[in-house]
Novice: 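Pasting a structure below so you can have a look.
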Amino acid sequence: MSGIQPQPGIMDIDLYVGGTSTVEGVKDVTKLSSNENPLGCSDVVKDAHAKTGLNLHRYPSTEHEELRAAIGEVHGLDPARIICGVGSDEVLQFITHAYAGVGDEIVYPQHGFSMYPILANMVGATPVVAAERERVVDVDAILAACTEKTKIVFVANPANPTGTMIGGNDMARLADGLPEGCILVHDGAYTEYVQGFDGGAGLVEARSNVVMTRTFSKIYGLGGLRVGWGYASQEIIDVLNRVRQPFNLSPIQTALAEAAVRDQEWVTKCRAENTRLRAWLAEALMEIGVPSDTSCTNFILARFADQSEAEACDDYLKSQGLIVRRVAGYGLPNCLRITVGDEPSCRRVAHAIGQFKGGAR
């Protein structure tokens, strides 16, 4: 044996297993498991993509000036306080590496995004789970879970995989109640699906202990591009840029993301279509005995009687060429997360679940 050992916490991380996109023996497969935008990206982005690809022998900009300027212009933010990453996941990683380590604690909600405990273990910090109240973030439970060792609190709002969200007053109360030296990370991957929601920008402007993160992977339809960003005080951004690799994004990534953020007409269209079909799908499933909480995202969390029924339904959906997401790993074994697809996909999955429920009786 060489005696080579990984850092504390690394071996506590389970290897990530991605969702499937095929079903053996089934040709007509519809994937509703990864919360992708069924409309894809806009024509503006497609046109920008056709123009990229030149000068691939050149290194990209290290500062992402054009993209940060575009984000700042569209959202009314200070570009100097924006940091870009390979998806918002990388921004979350910057924060964790910069502000937590062995002996520290990272708090997140009971059904929080699976990356939160992974990030904690990555730096040797202790992941701490705060209970939710009927699949909704409980601010009081989070505050009660915090100690003098707590360095980061992660909250996705709206949340994945529940689809629920809490209001601005609750988020402000959470930020104000954290221990000194603790950062609240407002993870806003699904922000754009909520009309008029600033994703936590107001919290960042009013408080120095809040970081907001966003992504181009959801409503912008650029999941395969991997671009995200964060917004925080200048002091925090200066720290995060010290752990960010200088060439973490390619010119193609930044150019297409800039085109995407400037095309807010596409965002409005996608949000409206998602809102319409999300309401239709939730109502259709409720009518056949499959309830869900009010979702503020591009998916619904369908609840079944128990884990065995949820798994049996998932198996049946697969046999019909429909891939949804089991979420037992999030502490929701009786649920299936179903992405709001286009109208044919929504009708197809509702019909299939209806067939399953009818047969189950």
Novice: What I want to find out is whether Asp104 reaches Lys149 closely enough, with some N-O distance under 4.0 Å, to be called a salt bridge.
Specialist: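 Salt bridge: no.
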Novice: Does the Lys NZ or Arg CZ of Arg271 fall within the cation-pi geometry relative to Trp266 - under 6.0 Å from the ring centre and within 45° of the axis?
Specialist: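 No, Arg271 and Trp266 do not form such a contact.
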Novice: Is the shortest side-chain N to carboxylate O distance from Glu287 to Lys357 below 4.0 Å?
Specialist: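 No, Glu287 and Lys357 are not salt-bridged.
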Novice: Side chains of Met165 and Tyr193: does their closest heavy-atom pair fall under 4.5 Å?
Specialist: no
Novice: State plainly whether the residues Asp47 and Lys51 are in salt-bridge range, i.e. N to O under 4.0 Å.
Specialist: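 Answer for the salt bridge query: no.
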Novice: Can you tell me if Ser217 and Arg226 form a side-chain donor-acceptor pair at under 3.5 Å?
Specialist: yes
Novice: Starting from Trp229, can I reach Phe197 by hopping between I/L/V/M/F/W/Y residues whose side chains sit under 4.5 Å apart?
Specialist: no
Novice: For Asn248 and His64, run side chain to side chain donor-acceptor pair (under 3.5 Å): C-alpha distance rounded to whole Å, both residues' side-chain angles, the deciding distance at 0.1 Å, then the answer.
Specialist: CA-CA 10 Å; Asn248 62 323; His64 318 133; 3.2 Å; yes
Novice: Determine whether a donor-acceptor pair (N or O, by modelled atom type, separation under 3.5 Å) exists between the side chain of Gln253 and the backbone of Leu225.
Specialist: yes
Novice: Can you name the closest pair of heavy atoms from Gly188 and Arg214 and give their distance?
Specialist: O-CD, 3.5 Å
Novice: Any luck finding a side-chain donor-acceptor pair between Tyr231 and Asp78 under 3.5 Å?
Specialist: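 Note: Tyr231 and Asp78 side chains miss the donor-acceptor criterion.
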Novice: Below 4.0 angstrom, N of the basic side chain to O of the carboxylate: do Arg276 and Glu273 qualify?
Specialist: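 Result for this pair is yes, salt bridge flagged.
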Novice: Give a yes or no on whether a salt bridge exists between Arg347 and Asp342, defined as a side-chain N under 4.0 angstrom from a carboxylate O.
Specialist: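 Judged by the 4.0 Å cut-off on N to carboxylate O distance, Arg347 and Asp342 do not form a salt bridge.
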Novice: Donor-acceptor pair, Ser292 side chain versus Ala302 backbone, under 3.5 Å?
Specialist: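 Between the backbone of Ala302 and the side chain of Ser292 there is no qualifying donor-acceptor contact (under 3.5 Å).
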Novice: Kindly work out whether a path of hydrophobic side-chain contacts (I/L/V/M/F/W/Y, heavy atoms less than 4.5 Å apart) joins Val74 to Leu249.
Specialist: yes
Novice: Does Phe94 have Arg244 sitting over its ring (NZ/CZ under 6.0 Å from centre, angle to axis within 45°)?
Specialist: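 That pair does not qualify as a cation-pi contact.
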Novice: Ser208 and Ile236: which non-hydrogen atoms are nearest, and at how many Å?
Specialist: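 It is O-CD1, 3.5 Å.
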Novice: Give a yes or no answer on whether the side chain of Asn334 reaches the backbone of Phe304 with a donor-acceptor pair at less than 3.5 Å.
Specialist: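 Yes, because the side chain of Asn334 sits within donor-acceptor range (under 3.5 Å) of the backbone of Phe304.
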Novice: If we ignore angles and hydrogens, is there a donor and acceptor under 3.5 Å between the side chains of Asn35 and Tyr190?
Specialist: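 Side chains of Asn35 and Tyr190: pair found under 3.5 Å.
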Novice: Any chain of hydrophobic side-chain contacts (each under 4.5 Å) joining Val185 to Ile83?
Specialist: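 Yes, Val185 connects to Ile83 through the hydrophobic network.
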Novice: Are Gln234 and Asp238 linked by a side-chain donor-acceptor pair shorter than 3.5 Å?
Specialist: yes
Novice: Please check this pair: side chain of Asn37 against backbone of Ile219, looking for a donor-acceptor N/O pair closer than 3.5 Å.
Specialist: yes
Novice: Return yes if some donor-acceptor pair links the side-chain N/O of Glu132 with the main-chain N/O of His111 below 3.5 Å, else return no.
Specialist: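 Pair found, side chain donor or acceptor close to backbone of His111.
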Novice: Would Val129 end up clustered with Met122 when hydrophobic side chains under 4.5 Å apart are linked, directly or stepwise?
Specialist: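 Looking at the clustering, Met122 is in the same group as Val129.
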Novice: Any non-hydrogen side-chain atom of Asn157 less than 4.5 Å from a side-chain atom of Ile166?
Specialist: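 Yes; the side chains approach each other to less than 4.5 Å.
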Novice: Rounded to the nearest 0.5 Å, how far apart are OG1 of Thr30 and CG of Leu322?
Specialist: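 Output value for this atom pair is 5.5 Å.
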Novice: Can you find a pair of side-chain heavy atoms, one from Thr96 and one from Phe154, that are under 4.5 Å apart?
Specialist: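 Contact flag for Thr96/Phe154 side chains = yes.
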Novice: Checking side chain to side chain contact (heavy atoms under 4.5 Å, CB included) for the pair Val227/Leu67: CA distance, chi angles, key distance, verdict?
Specialist: CA-CA 10 Å; Val227 182; Leu67 176 55; 4.1 Å; yes
Novice: Let me see the working for Ser233 and Arg81 under side chain to side chain donor-acceptor pair (under 3.5 Å), right down to the final yes or no.
Specialist: CA-CA 6 Å; Ser233 68; Arg81 294 165 56 191; over 6 Å; no
Novice: Has the side chain of Thr297 got a donor or acceptor atom that lies under 3.5 Å from a matching backbone atom of Phe299?
Specialist: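 Yes: the side chain of Thr297 pairs with the backbone of Phe299.
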Novice: Is there a donor-acceptor contact under 3.5 Å linking the side chains of Gln110 and Tyr330?
Specialist: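 Short answer, no.
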Novice: Any side-chain heavy atom of Ile353 within less than 4.5 Å of one from Cys313?
Specialist: yes
Novice: On a heavy-atom basis, which atom in Val211 and which in Ala232 lie closest, and how many Å separate them?
Specialist: CG2-CB, 3.8 Å
Novice: Between Thr254 and Glu258, does a side chain to side chain donor-acceptor pair (under 3.5 Å) hold up when you go through it step by step?
Specialist: CA-CA 6 Å; Thr254 55; Glu258 180 184 349; over 6 Å; no
Novice: In terms of hydrophobic clustering (I, L, V, M, F, W, Y; side-chain heavy atoms under 4.5 Å; direct or indirect links), are Leu317 and Val327 co-clustered?
Specialist: no
Novice: Below 4.5 Å, heavy atoms only, C-beta onward: do Tyr116 and Ile152 meet side chain to side chain?
Specialist: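 Counting from C-beta outward, Tyr116 and Ile152 never come under 4.5 Å.
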Novice: Between Ser308 and Glu311, is the side chain to side chain donor-acceptor pair (under 3.5 Å) condition met? List the steps.
Specialist: CA-CA 5 Å; Ser308 62; Glu311 292 180 352; over 6 Å; no
Novice: Give a yes-or-no answer on whether the side chains of Thr268 and Glu265 include a donor-acceptor pair shorter than 3.5 Å.
Specialist: no
Novice: If we only count heavy atoms from C-beta on, is the Cys146 to Leu178 side-chain gap below 4.5 Å?
Specialist: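 Counting from C-beta outward, Cys146 and Leu178 do come under 4.5 Å.
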Novice: Whether Asp263 and Lys269 form a salt bridge (side-chain N of Lys/Arg under 4.0 Å from carboxylate O of Asp/Glu) is what I want to check.
Specialist: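 Judged by the 4.0 Å cut-off on N to carboxylate O distance, Lys269 and Asp263 do not form a salt bridge.
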Novice: What's the verdict on side chain to side chain contact (heavy atoms under 4.5 Å, CB included) for Glu205 and Leu77, showing C-alpha distance, side-chain angles and the deciding distance?
Specialist: CA-CA 9 Å; Glu205 298 291 9; Leu77 306 175; 4.2 Å; yes
Novice: Within the side chain of Glu73, is there an N or O that forms a donor-acceptor pair under 3.5 Å with the backbone of Ala69?
Specialist: no
Novice: Counting N and O atoms only, with roles assigned by atom type, does the side chain of Ser88 sit under 3.5 Å from a partner on the main chain of Gly228, one being a donor and the other an acceptor?
Specialist: no
Novice: With heavy-atom distances below 4.5 Å as the criterion, would you say the side chains of Ile300 and Leu281 are in contact?
Specialist: yes
Novice: For the residue pair Asp187 and Leu92, establish whether any side-chain heavy-atom pair is separated by less than 4.5 Å.
Specialist: yes
Novice: Are Arg325 and Asp314 ion-paired here, with the side-chain N under 4.0 Å from a carboxylate O?
Specialist: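 No, Arg325 and Asp314 are not salt-bridged.
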Novice: Can a donor-acceptor pair be found, under 3.5 Å and without considering hydrogens, that links the side chain of Asn209 to the backbone of Ala175?
Specialist: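 Answer holds: yes.
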Novice: For Lys31, is there an ion pair with Glu36 - N to carboxylate O distance below 4.0 angstrom?
Specialist: yes
